[in-house]
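Quick one: this structure, given as structure tokens, is what I'll be asking you about.
Below, each value reflects all heavy atoms present in this structure, side chains not excepted, and no hydrogens, waters or symmetry copies. All ligand and atom numbering here is 1-based and tracks the order in the structure.
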Amino acid sequence: MENTDIQYASEKLTQLSSEYHVEVIADWGVDSDGRWQKGNWSRDELDRLYRSVGLLAGIMKGRNQFIENLGGVTVKKEDIGPHGADAQAHLVRFNSKGSFSPWTVVHEFAHAWDANFGWKLSVALEKYTGGFTRPWLSWLKKLVGLSDTKFFRQENKPGRRGRKPGCNAAGYFYGDKPSGSNWRFNRLEDFAESVAMYVGWARSNDLSNWAEARVKRYLLENGASDKNFGTDYWTYYAKFFYPKGGDYTKTRRWKFVEELVKGRVKIA
Ligand SMILES: [Zn+2]
């Protein structure tokens with residue numbers, strides 16, 4: 001944060017706090033020697049955080065619903081190792097070694113939302129979409145050569161990144177059609193991605209281009225290179241991920257999030 005942006009920054013912090021109960025830990029300011037310390041945040045990032053939180057709140061029944069669902073969230077930017085960001089109940093962290101996208105904000109806040117409900121929202125999603133988590137079945141699938149991975153890890157080449165149902169570290173057999181999957185996919189990631197897809201899909205907001213790109217990549221030829229997603233056997237994977245008529249609202253995931261934000265999903 002630049003010294004000249006201090007007024008703007010404090011306004012954004014106040015808005016985030018009063019409107020959403022989101023508390024950013026400010027790491028900028030004047031130190032004990034009277035020198036300005038920039039910290040890890042930029043003015044743009046604060047703005048992006050505020051806008052993206054607003055998009056997530058926008059799919060809920062207003063700000064109060066957001067505050068109730070998340071129960072207050074502290075946000076930090078610090079060195080968290082190899083990950084871009086992470087989340088738990090009431091805490092979202094972004095890595096100070098880089099910046100973050102609007103998609104990442106919504107994804108991480110979706111984790112915090114799930115966590116605030118004892119991770120039961122992702123269990124409900126798994127059930128609703130007809131998925132299940134069964135590591136032994138995953139091992140069996142790998143054993144008989146039906147997996148698009150090696151036994152204990154993915155390979156970094158097209159068609160071998162562990163995108164098929166159950167072919168991931170968790171043994172997560174996703175039901176219906178998620179917008180993507182990889183070795184780290186499990187029901188928690190599924191929930192966070194499903195929320196981000198719902199926020200972005202066909203709404204002309206900061207997440208919409210990415211949401212569309214995630215679906216459209218499956219129209220590419222096998223072995224084609226996508227500027228965001230690299231090279232893969234897109235046509236081959238289309239049967240797992242490409243929604244009917246390219247319309248993501250036709251997926252069970254879209255319907256699940258719709259039902260969830262309308263208060264029609266019972267959480268056990
Ligand atoms: Zn995640």
Item to check | Pair K77 + E45, salt bridge at N-O below 4.0 Å | outcome: yes
Item to check | T14 and S17: side chain donor to acceptor below 3.5 Å | outcome: no
Checklist entry - Should D206 and R51 count as an ion pair when the cut-off is N to O under 4.0 Å? => result yes
Checklist entry - Taking the six-membered ring of F241, is NZ or CZ of R163 closer than 6.0 Å to its centre and within 45° of its axis? => result no
Item to check | E189 atom (N/O/S) at minimal separation from the Zn ion (ligand 1) | outcome: OE1
Checklist outcome for this item: Of all N, O or S atoms in H111, the one closest to the Zn ion (ligand 1) is NE2
Checklist entry - Does D86 put an N, O or S atom under 2.8 Å from the Zn ion (ligand 1)? => result no
